[in-house]
Amino acid sequence: MCGIAGMLSATADFTKEASLIESISESLKMRGPDERGEFTKPYISLIHRRLCVIDPEGGKQPMTFGKYTIAYNGEIYNTDEVRRELIAKGHSFNTHCDTEVVLKAYAQWKEGCCEKLNGIFAFAVWDDGERELFLCRDRIGVKPLYYAHRGGTFAFASRIKSLLLIPRITAEVDENGLNEIFMLGPAKPVGSAVFRDIKELPPAAYMKVKNGRAEIKNYWKLEAKPFDETEEECLRHTKELVSDAITRQLVSDAPLCTFLSGGLDSSIISKIAADSYRGQGRTLNTYSVDYVDNDKYFKTSLFQPNKDSDYIDLISGAIGSRHSNIVLENTAVAQALADSTFARNLPGFTDVDSSLLLFCREVKKEQTVALSGECADEIFGGYPWYHNKEILFEETFPWSRSTAVRQSILRDGLLKNGEEFAHAEYLKTVKKTSCLETDGKTDRRMREMFVLNLDWFMQTLLVRKDVMSMESSLEVRVPFCDYRIVEYAYNMPWSIKAYGGREKGILRKAFENDLPDEIVWRKKSPYPKTHNPVYFAEVCKMARAALADGSTPLPEMLNMSKINELMQNPDALSVPWYGQLMRGPQVLAYIVQIYLWIKDCGVVFV
C-alpha cells in the first residue's frame, strides 16, 4: 500500500515547487515509509510514497510506460489473470508487481481497465501525449482519493491534509459541512470530504481531467437481478466466493497475519489463512485487542451480548495459530484521540479509531500486512437493525435513528435544518436502490438497507481501517469487500441470507463444518470498546480543556448544560449517537476530536 498525490496546472511550473512537493510527500510518509518517488514536469507532478509489500525491487513509482506514468495505491487480487490477458495482447513485463499490470492495462483499455481489476485501489495515470490525467478508485471504496480544483490547479491525494498544504485550497467549512459533522458524523455522504474546497472521488468512479475541465463517471453499480439458485447451491457458492477472496489476498512478499476477534468473520479468514500456511509448513500469526481491566467493567447489551476474550483462545487453538492479545492502557486510548484525528483529518469514530491506531502500531512491530473481517455484517445482514422489524422499516438511518440526541448537545438555532438535511441524504440513498418488480416488501427493504449500509456505515468502517492502519504503516486487506461477494449477496433473497433466522445465517451454515460450533453460532458482538471508567475520566478532562480554549468557536456551538450533564452521567443519552458503540463517553470524545480537528487543520467556519 502507498500514499499518492499530484498536481496539474496549465499556468504553474512545478519544477520550481520543490519545497511544496517535499511537504506533500512528507505528509504521506506514514502511508509509504519505505520509498519516495516523484515525476515532475512544469505542468504536472505525481508524488508517491511506498510501503513495500510485493516485488520490492521492481515496484518503484511513479512508473512510466511510453507516454503514460502512474502513481498507484492498492493491491490487485486478479493480477495474474490480467497479466496473462495483456501478454496475449502483445505486452511484456519487467516486474511481477501489480503496478506494472495496472499501468499497461490502462495503456491497453483506457477507462475500460477499471472493470478488469479486482482489488482495492486508487490510482492516477498521466497521459503526456494527450495532456490528460486519469483517476480511478476501487468499486467498494476501500482506498481513499481526495481532490480539489482551485485557482487553475487541480490536485489529488490520499489524505485531505496533503491538499490543504497547497496554496489557495482552504480549510473552510460551510453549513453543509457543519451538518455533516453534527447530524451525520462520523459518517459523511459519498463524495464529500466536509471541507468546502475538497471532494472525494466516489467508489466505483473514474475521473478525467483535461484543459482545466474534470469529468466523473461510474464504472460499476449494484444491479438487482433474479436469483435462481437453490439453498444448497447458494451455500456452496457463498463458501467458494469467500474462500477464493481470502486465498487471493494471502499473497505477500512481506510478513502477513490476521486480526482474530473470536467472531465469525475473522475466524473464517483466519481458518483459511492458517490452513494455507500449514500447507507451506508455516504458522499463521493472529492478533486481538483488549483493554486493561475490561473484564471487570464489561456489561452486556443488545449490541454487545458477550466478550470476545471468551472465544479467542478457542478458535486460535482450533486453527493452530500463534496468537498475541494486545492489551491497551485506557489513558493511552484517550490520548490517542489526537493522533487518530490528525490521521483522519476529520473528527472520527472516537476510541474505536484511537484503539485501532494503537493496536495497528503494535501489530506493525512484527507484521506488514494483515487481513481483517470488516464488512461481512453489512453485506450478509449481521447488524441488529436488519432483524428488528420496528427499526427495519423506519424511514431513517438505522444506526442513527434520530437527530434529536445530536441537536441536544448544540446551541439552539445553530443548525436549523439539521433533521431535514439528514433525512434528505437518507432519501437520496434509498432512491438510487435497484430493485425487481417481483421483490416483496421485505426483500425490497433489504436491498435498501444493503445500499444504506454499503454507502454509509461500511464506508465509515473502511475509512477507519485504512487510515488507522496506514498511519501505522500497516497494510490491512478486507476480503469480504471483494465486489463479487457484494454483487452476489445483494441478489440473495433474505429468506436464504438469514438462514435459520440468524444474522449472517448463510455464512454461518456455509462454514459450520470448518469452525467450532461455539464460534459458528455465537451471537454477533461488535469491535471491542473500553468500559473502564479511567477512559471516561480522561476524556472528561480533555473535553474540559478543549471547551476552556477560547481560540475556537466550539464552545459557542454547544449546549454547555447538556455537555456538563454528560460529564456527570455518561448514560445520559437515551440512544446511541452512532451505531452500536458511540454513547455518552464517545460523544464527549467526539467533541474533543472536533476541537483537535479545528486546531490541526486551521478550520474556518463560513
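No experiment lies behind these values; they were computed from the predicted model shown.
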Applying side chain to side chain donor-acceptor pair (under 3.5 Å) to Asp455 and Thr429, what does each step give before you reach the verdict? CA-CA 8 Å; Asp455 281 3; Thr429 307; 4.9 Å; no

Would you sort out whether Lys188 and Trp456 count as a side chain to side chain contact (heavy atoms under 4.5 Å, CB included), showing the intermediate values? CA-CA 7 Å; Lys188 58 183 180 60; Trp456 290 87; 5.5 Å; no

Once rounded to the nearest 0.5 Å, what's the spacing between atom SG of Cys234 and atom CD1 of Ile506? 4.0 Å

Of all heavy-atom pairs between Glu475 and Val53, which one has the smallest distance, and what is that distance? OE1-CG2, 3.1 Å

Between [X] and [Y], do the side chains contain an N or O donor and an N or O acceptor separated by less than 3.5 Å?
X: Glu85; Y: Trp109; result: no
X: Ser340; Y: Ser354; result: no
X: Glu366; Y: Tyr287; result: yes
X: Tyr578; Y: Thr460; result: yes
X: Ser316; Y: Ser321; result: yes
X: Asp482; Y: Asn118; result: yes

So if I apply the ring-ring contact (aromatic ring centres under 6.0 Å, His included) rule between Phe450 and each of Trp494, Tyr490, Tyr383, which one comes out positive? Tyr490

For the side chain of [X] and the backbone of [Y], is there at least one donor-acceptor N/O pair under 3.5 Å apart?
X: Asp98; Y: Ile76; value: yes
X: Asp439; Y: Cys435; value: no
X: Arg31; Y: Glu471; value: no
X: Arg49; Y: Gly3; value: no
X: Asp34; Y: Leu51; value: no
X: Arg508; Y: Glu503; value: yes
X: Ser434; Y: Ala224; value: yes
X: Lys271; Y: Ile315; value: no

Stepwise, does the side chain to side chain donor-acceptor pair (under 3.5 Å) test hold for Tyr291 with Ser355? CA-CA 9 Å; Tyr291 307 85; Ser355 61; 3.1 Å; yes

Please identify each residue that fulfils ring pair (Phe, Tyr, Trp, His ring centres under 6.0 Å) with Phe134, with sequence neighbours left out. Tyr106, Tyr206

With a 4.0 Å cut-off on N to O distance, would you call Lys428 and Glu425 a salt bridge? yes

Any ion pair linking Asp244 and Arg484 (charged N to carboxylate O, less than 4.0 Å)? yes

Among residues at least two apart in sequence or on other chains, which ones pass salt bridge (Lys or Arg N to Asp or Glu O under 4.0 Å) with Glu100?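 By the salt bridge (Lys or Arg N to Asp or Glu O under 4.0 Å) rule, Glu100 matches Lys104.
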
Test log, rule ring pair (Phe, Tyr, Trp, His ring centres under 6.0 Å), inputs Phe359 and Phe259: CA-CA 10 Å; Phe359 175 58; Phe259 293 170; 4.9 Å; yes

Report the C-alpha separation of Glu374 and Arg464 in whole Å, then their side-chain angles, then the decisive distance to 0.1 Å, and conclude whether the salt bridge (charged side-chain N to carboxylate O under 4.0 Å, His left out) test is met. CA-CA 11 Å; Glu374 265 81 7; Arg464 165 185 175 259; 3.6 Å; yes

Quick check on the 6.0 Å ring-centre criterion: do Trp385 and Phe457 meet it? yes

Ring centroid separation for Phe380 and Tyr488, is it under 6.0 angstrom?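 They do not qualify: ring centres at least 6.0 Å apart.
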
Apply side chain to side chain contact (heavy atoms under 4.5 Å, CB included) to the pair Ser158 and Tyr146, showing each step before the final yes or no. CA-CA 6 Å; Ser158 300; Tyr146 301 97; over 6 Å; no

Walk me through it: do Asp466 and Val476 pass the test side chain to side chain contact (heavy atoms under 4.5 Å, CB included)? CA-CA 7 Å; Asp466 173 81; Val476 177; over 6 Å; no

Run the side chain to side chain contact (heavy atoms under 4.5 Å, CB included) check on Leu507 and Thr238 step by step: do they pass? CA-CA 7 Å; Leu507 196 60; Thr238 298; 4.2 Å; yes

